[in-house]
Amino acid sequence: MSSTADRLATAYSDAIEALCRVTPKGWYAERGTARAAITHADVPSLNNVYDLTSDPDLGSLDELATEVARQVPHWSIMVRGEASTSLVDLAARHGLRERSVLPLMACATDDIVFRPASTQQTSIRRVDAAESDRYTDVFTESFEAPEGVFGSLMGGAVLDTDGMTGYLAEESGRSIGTALGMQAHAAVGVFNIGVVPSARGRGLGRMLTEAVLRDGIAAGADVAYLHSSPMGRPLYESMGFVLVENWTMFVAQ
């Protein structure tokens, strides 16, 4: 595994730890090289047991998986690269038999392709904790998720925490998209890029991503990273992002 990938894995892990320490129902634990990060959102990827080293500590993963399964009904196990047969068996013992690939993409900030300033009437602005409810509502609509599924994930002091910046896209007084930037180790992570269904297809996802990146660069980041969905990957590739490595996640079927 490359040194860049190692650095980004550390930045991701530290960002998720920071989130779990400030989100209202968050819980975080370490055992060996394994980590457990619970937000109590009703989304498996947001309640995660993971080991991002090149040689995952299966015993510690197993112990933390048992603890996490006691706390939340929907959770996941995540590792970098291909999962070993032993890891597949461990996940199955905990009822996690569905496997998916998470592409980790990155771009040096000097290589990011920014689009010329848009002339459309959409604004992107930062938001603080006073608007966490509005942010959560738009986030939920953008991901077409059931009401309440994200719980208090973005509540409390999250949007006032150093290194975490939330954004809303707005048009004609209506909030139509979200983004979240998380900064650690001079790397900016791009999260929560979402646009409500009625406003898609007009480049707002790119505008939101660029807002995160510009602020990340201003704060000292020299590299940006994200986990891309199949739908979003062409956009990120057009901005200069390339695949660094694939991660593997296990959830219940």
message: For a side chain to side chain contact (heavy atoms under 4.5 Å, CB included) check, start with the C-alpha distance between Leu153 and Leu19, then their side-chain angles and the critical distance, and finish with the verdict.
response: CA-CA 9 Å; Leu153 172 67; Leu19 175 63; 4.2 Å; yes

task: Apply side chain to side chain contact (heavy atoms under 4.5 Å, CB included) to the pair Arg7 and Thr10, showing each step before the final yes or no.
output: CA-CA 5 Å; Arg7 176 188 171 195; Thr10 299; 5.8 Å; no

message: For a side chain to side chain contact (heavy atoms under 4.5 Å, CB included) check, start with the C-alpha distance between Ile16 and Met182, then their side-chain angles and the critical distance, and finish with the verdict.
response: CA-CA 9 Å; Ile16 295 304; Met182 294 207 287; 4.0 Å; yes

task: Would you please test Leu8 and Glu245 for side chain to side chain contact (heavy atoms under 4.5 Å, CB included) and show each step?
output: CA-CA 11 Å; Leu8 296 179; Glu245 64 181 10; over 6 Å; no

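Neither Val79 nor Trp247 shares a network with the other; the hydrophobic side chains, linked directly or stepwise wherever heavy atoms of I, L, V, M, F, W or Y lie under 4.5 Å apart, form separate groups for each. With hydrophobic clusters built from ILVMFWY side chains whose heavy atoms lie under 4.5 angstrom apart, Val223 shares a cluster with Val212. Cluster annotation: Leu61 is not connected to Leu52 through the hydrophobic network of ILVMFWY side chains, with a link wherever side-chain heavy atoms come within less than 4.5 Å. Linking ILVMFWY residues whenever their side-chain heavy atoms come closer than 4.5 Å, directly or via other members, leaves Tyr225 and Val113 in distinct clusters. Tracing side-chain contacts under 4.5 Å through hydrophobic residues (I, L, V, M, F, W, Y), one never reaches Leu102 starting from Phe250; they form parts of separate clusters.
Sorted pairs that involve residues 21-64 and meet ring pair (Phe, Tyr, Trp, His ring centres under 6.0 Å), not counting sequence neighbours, are lacking altogether.
In this structure, Asp51 and Ser60 have side chains that are not in contact, with every pair of non-hydrogen atoms separated by 4.5 Å or more. In this structure, Asp6 and Arg80 have side chains that are in contact, with non-hydrogen atoms separated by less than 4.5 Å. By the 4.5 Å heavy-atom criterion applied to side chains, Leu208 and Ile124 are counted as neighbours. With a 4.5 Å cut-off on side-chain heavy atoms, Trp75 and Ile38 do not count as touching. Between Val127 and Arg134 the shortest side-chain heavy-atom distance does not fall below 4.5 Å. Looking only at side-chain heavy atoms (C-beta outward), Leu159 and Met164 stay at 4.5 Å or farther from each other. For the pair Met154/Thr178, no side-chain contact is recorded, criterion being any heavy-atom separation below 4.5 Å from C-beta on. Contact check for Leu87 versus Thr248: no side-chain heavy atoms found under the 4.5 Å cut-off.
In this structure, Arg97 has no salt bridge (Lys or Arg N to Asp or Glu O under 4.0 Å) partners at least two apart in sequence or on a different chain. In this structure, the ring pair (Phe, Tyr, Trp, His ring centres under 6.0 Å) partners of Phe150, at least two apart in sequence or on a different chain, are Phe139.
Across all non-hydrogen atoms, the minimal contact from Gln183 to Gly216 is NE2-O, 3.3 Å. Pro24 and Gly156 make their closest contact through CG-N, 3.6 Å (heavy atoms, listed as atom of the first residue, atom of the second, distance). Closest of all the heavy-atom pairs between Ser228 and Gly232 is OG-C, 3.7 Å.
At distances below 3.5 Å, not a single donor-acceptor pair connects side-chain atoms of Thr122 with backbone N or O atoms of Glu171. Remark: the backbone N or O of Pro44 is paired with a side-chain donor or acceptor of Ser76 at under 3.5 angstrom. One N or O on the side chain of Thr39 and one on the backbone of Leu46 form a donor-acceptor pair closer than 3.5 Å. Judged purely by atom type and a 3.5 angstrom limit, Asn47 uses its side chain to pair as donor or acceptor with the backbone of Ala41. In this structure, the side chain of Asp160 engages the main chain of Ala129 through a donor-acceptor pair within 3.5 Å. Side-chain N or O atoms of Gln121 include none that pairs as donor or acceptor with a backbone N or O of Ser172 at under 3.5 Å. Looking only at distances, no side-chain donor or acceptor of Asn48 sits under 3.5 Å from a matching main-chain atom of Ala37. Proximity of a side-chain donor or acceptor of Thr140 to a complementary backbone N or O of Ala145 within less than 3.5 Å is not detected. Within the 3.5 Å criterion, the main-chain N or O of Ala9 finds no donor-acceptor partner in the side chain of Ser13.
The residues Arg35 and Glu17 are annotated as not salt-bridged, no charged nitrogen and carboxylate oxygen being separated by less than 4.0 angstrom.
The ring of His227 has its center closer than 6.0 angstrom to the ring center of Tyr12.
Atom CZ of Arg125 and atom CD of Glu170 lie 4.0 Å apart (nearest 0.5 Å). Distance check: Glu210 CD to Ile217 CD1 gives 10.0 Å after rounding to the nearest 0.5 Å. Separating the CG atom in Leu90 from the OG1 atom in Thr85 is a distance of 12.5 Å, to the nearest 0.5 Å. Going from atom CG of Leu168 over to atom OG of Ser175 covers 4.5 Å, rounded to the nearest 0.5 Å. Rounded to the nearest 0.5 angstrom, Ser132 OG and Asp137 CG are separated by 9.5 Å. Rounding to the nearest 0.5 Å places NE2 of His94 at 7.5 Å from CG of Leu96.
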Donor-acceptor pairs under 3.5 Å, side chain of residues 187-201 to any protein atom, not counting sequence neighbours: which ones?
from: Asn192; atom 1: ND2; to: Tyr135; atom 2: OH; distance (Å): 3.1
from: Ser198; atom 1: OG; to: Arg174; atom 2: NH1; distance (Å): 3.2
from: Ser198; atom 1: OG; to: Arg174; atom 2: NH2; distance (Å): 3.2
from: Arg200; atom 1: NE; to: Val195; atom 2: O; distance (Å): 2.8
from: Arg200; atom 1: NH1; to: Glu144; atom 2: OE2; distance (Å): 2.9
from: Arg200; atom 1: NH2; to: Ser142; atom 2: O; distance (Å): 2.7
from: Arg200; atom 1: NH2; to: Glu144; atom 2: OE2; distance (Å): 3.3
from: Arg200; atom 1: NH2; to: Val195; atom 2: O; distance (Å): 3.2

Which atom pairs, donor and acceptor, lie under 3.5 Å between side-chain atoms of residues 234-244 and protein residues at least two apart or in another chain?
from: Glu237; atom 1: OE2; to: Arg233; atom 2: NE; distance (Å): 3.1
from: Ser238; atom 1: OG; to: Arg206; atom 2: NH1; distance (Å): 3.1
from: Ser238; atom 1: OG; to: Leu235; atom 2: O; distance (Å): 2.6

Check residues 64-71 and write down every donor-acceptor pair under 3.5 Å in which the side-chain atom is one partner and the other belongs to a residue at least two apart or another chain.
from: Thr66; atom 1: OG1; to: Asp62; atom 2: O; distance (Å): 3.1
from: Glu67; atom 1: OE2; to: Arg31; atom 2: NH1; distance (Å): 2.8
from: Glu67; atom 1: OE2; to: Arg31; atom 2: NH2; distance (Å): 2.7

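The environment of Glu82 atom CD is sparse: at most 12 non-hydrogen atoms of other residues, nucleotides or ligands sit within 6.0 angstrom.
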